[in-house]
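Remarks on the structure that follows.
Counting convention: from 1, in listed order, for ligands and their atoms alike. The structure displayed is predicted, hence computed values, not measured ones. Counting begins at 1 with the first residue of the sequence. All values below were derived from every heavy atom in this structure, side-chain atoms included, with hydrogens, water molecules and symmetry-related copies excluded.
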Amino acid sequence: MPKTLNLTLSPKQAASTEGWLAIAVRTLGVRREQVALARVVKRSVDARHQTPKVLLTVEIFLDGDEKPQEVHFDYPDVNGKTEVVIVGGGPAGLFAALRMIELGLRPIILERGRNVVDRRRDITQIHRGVKVDGESNYAFGEGGAGTFSDGKLFTRSKKRGDYNRALQTLVFHGASPEILYEAHPHIGTDRLPKIIEQVRHTIIRAGGQILFERKVTDIEIRGGKAVGVWCGEDLIEGAAVVLATGHSADDIYEMLHRKGVLLEAKPWAMGVRVEHPQELIDRIQYHSSDMREWLPTAAYTLTSQVNGRGVYSFCMCPGGVIVPAMTSFEECVVNGMSASARSSRWANAGIVTEVRPEDFAHLHEEWGVLAGLKFRQQVERHAASLVGGGGTAPAQRLADFVARRRSFDLPRTSYLPKAVVGSGDEWLPEFIAESLRGGFKSFGHKMKGFVTNQAQIIGVESRTSTPVRIPRDRDTLCHPTVDNLYPTGEGAGYAGGIISAALDGTRVAESIAEKLKN
Ligand SMILES: Cc1cc2nc3c(=O)[nH]c(=O)nc-3n(C[C@H](O)[C@H](O)[C@H](O)COP(=O)(O)OP(=O)(O)OC[C@H]3O[C@@H](n4cnc5c(N)ncnc54)[C@H](O)[C@@H]3O)c2cc1C
């Protein structure tokens, strides 16, 4: 049995294996030569003190202790096995496919976008303000919205075992083993595409299929059962249909609504991205910028209540960039990402507030359950129209926004193609602008120096999750009125983020395997 130690260390002590191992060996009263293996199993930073501390949990294996087993995944040959159609190759769809293979089913993934290599070229065109390919962009394409992202791997899932297995699956496909013990693991946009490619190789090697540039336009329902999907003129049949289409596939919700498939409205959140100089966030969080030599790029999580409405930071990207995440140049949608080193000079985060069905009551009569979707589209299109589209985003200095002052210019930004000065009160609905203003004031009390004109808000952070849920039975995970139809992931309303979508896809695969067994 290894010895487990909890160590509270200075950032410098924790930064090198020799540094913490010397302390661990002394604490245990053993000699360095007796140590056969030493590994970190958990690492977090406690920055509440004037000098931040690093909390390490380490395992020390001495000579004679049994070593930990390497985690291995077995993906058997599924050629000729029962076929299941998966619509969407994001984390939910890919993890559903991997689990199906383990359980002896043959997944066929239909993905509207391109593979990661071609997709990168399409994304460059967006950054240059040239064009958005409606099928290949930050939201659509191999790996889904998670591929060109920060790759933060948080989840609120209570099932630790499932979470660890999802992380191990990523390590098996090339992610750094560090993600297994970091308190806030992340992969980075420079490494994610390679991992996604490896997942594709696993699926194809086992006999599964991934077809790109295959946009699903309809579902074939016979006798109350989903039996396949249409990609234009082609029908692709399967024993079950998994819908893993993410939160940007408005056409999928519209198609389901037209067919009379039951949908539900749900609350979600919208707001802006805020961008600060990273050095300022380091100084606020670590009480000095010198600590950066030993500590990770500083992050923050902020929450507040303003007039009964939650306002919170979302998807914070330390050392990252703000990206144009729209699926058309008629929309303005921003998000954030970072590379593995998190070394850009900026820190950004979504600052968003709850949006509830009563906020767009005027749209219910015309649009019914799709009213939230229409509201989101209207806000995104209004912002784009104010700045002329083309990927340009409206922006305002943060302290000016909070004080209701006009900004005359903007600080430098990571955002491409371009940010232009405007007023948050013009591009945001009033209730959102007011909630954000109250939230920022409260964040300024929690983090002294946060509300500054060195920072700016950029709009619009609108796709935090989906305004529509595709319902399913709690136990079988199947749609309640269309048999064999399995909605999953963020677009269906059951996940928010890469790992929770992956876990949800895994669960759906298990439910399908269970059903098809009987
Ligand atoms: C820039 C950015 C940064 C992000 N950073 C993080 C982060 O750091 N950590 C985190 O946890 N989350 C992050 N997210 C959110 C995360 O990416 C999503 O929560 C996650 O990808 C949802 O997974 P999903 O599989 O449910 O859907 P998606 O990833 O959206 O995948 C859906 C897939 O379905 C495909 N599709 C849609 N319609 C059709 C159709 N009709 N036919 C065929 N295919 C279709 C799409 O092309 C897409 O590939 C980020 C998102 C963005 C955009």
Side-chain angles (χ1 to χ4, degrees), residues 85-97 109-116 119 123 126 133-156 166 184-189 192 196 210-219 229-232 236 241-256 273 299 314-318 320-327 333-338 342 348-350 461-466 470 487-505 508:
V85 174
I86 300 175
V87 189
L94 291 175
F95 271 69
I109 298 183
L110 303 168
E111 168 53 55
R112 72 195 294 165
R114 301 201 172 89
N115 66 63
V116 280
R119 193 177 166 197
I123 281 174
I126 308 176
D133 184 319
E135 307 303 335
S136 180
N137 43 56
Y138 271 101
F140 297 155
E142 186 176 17
T147 305
F148 298 98
S149 79
D150 206 31
K152 285 182 287 296
L153 304 174
F154 312 153
T155 175
R156 292 196 194 98
H184 299 289
H186 96 118
I187 294 181
T189 190
L192 276 159
I196 298 294
I210 304 190
L211 303 172
F212 295 110
E213 299 179 62
R214 285 301 195 100
K215 175 170 158 180
V216 168
T217 47
D218 203 353
I219 301 183
V229 297
W230 289 92
C231 292
I236 295 107
V241 172
V242 176
L243 264 190
T245 44
H247 60 29
S248 289
D250 295 5
D251 47 358
I252 285 287
Y253 302 117
E254 282 161 8
M255 177 269 288
L256 293 172
R273 277 266 144 189
F314 171 82
C315 183
M316 201 261 146
C317 299
V321 294
I322 300 183
V323 299
M326 63 282 289
T327 41
V333 182
V334 294
N335 209 308
M337 71 177 191
S338 70
R342 286 187 157 161
N348 72 69
E461 178 87 25
S462 48
R463 303 202 185 162
T464 53
S465 71
T466 159
I470 311 176
T488 184
E490 189 159 39
Y494 300 98
I498 296 167
I499 286 290
S500 69
L503 293 178
D504 196 59
V508 158

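Taking both residues in full, the closest heavy atoms of G336 and C317 are given as C-SG, 3.4 Å, listed atom of the first, atom of the second, then distance.
Within ligand 1, counting atoms from 1 as listed, the ones closer than 4.0 Å to a heavy atom of K215 are 42 (N). Counting the atoms of ligand 1 from 1 in the order shown, those under 4.0 Å from a heavy atom of I252 are 41 (N). Taking every heavy atom of G336 and a limit of under 4.0 angstrom, the matching atoms of ligand 1 come to 1 (C), 2 (C), 3 (C). Near G151, the atoms of ligand 1 lying under 4.0 angstrom from a non-hydrogen atom of the residue are 7 (C), 8 (O). Close approach of ligand 1 to V323 is summarised as follows: ligand atoms under 4.0 Å from at least one heavy atom of the residue are 1 (C). In the vicinity of G90, heavy-atom distances shorter than 4.0 Å reach the ligand 1 atoms 25 (O), 29 (O), 31 (O), 33 (C). Listed by atom number, the atoms of ligand 1 under 4.0 Å from C315 heavy atoms are 5 (N). Which parts of ligand 1 touch G141 is read off a 4.0 Å heavy-atom cut-off, strictly below it: atoms 47 (O), 49 (O).
Contact of the R112 side chain with the T245 side chain is not registered, since no non-hydrogen atoms from C-beta on lie closer than 4.5 Å.
Distance check for atom 14 (N) of ligand 1: every protein heavy atom is found at 4.0 Å or beyond.
The protein heavy-atom contact nearest to atom 34 (O) of ligand 1 is G88 CA, 3.2 Å. Nearest protein neighbour of atom 39 (C) of ligand 1, counting heavy atoms only, is R112 CD, 3.4 Å. Among all non-hydrogen protein atoms, the one lying nearest atom 16 (C) of ligand 1 is I498 CG1, 4.0 Å.
Across A244, A249, G113, G93, heavy-atom proximity to atom 33 (C) of ligand 1 is greatest for A244. Scanning A96, G493, A501, A145 for the heavy atom closest to atom 29 (O) of ligand 1 points to A145. For the residues K152, E490, E213, M337, the heavy atom positioned nearest atom 18 (C) of ligand 1 is part of E490. Which of F95, F148, F140, F212 comes nearest to atom 1 (C) of ligand 1 through a heavy atom is settled by distance: it is F148.
Under a 4.0 angstrom heavy-atom cut-off, A495 registers as lying outside contact with ligand 1. Not a single heavy atom of R463 sits under 4.0 Å from any atom of ligand 1.
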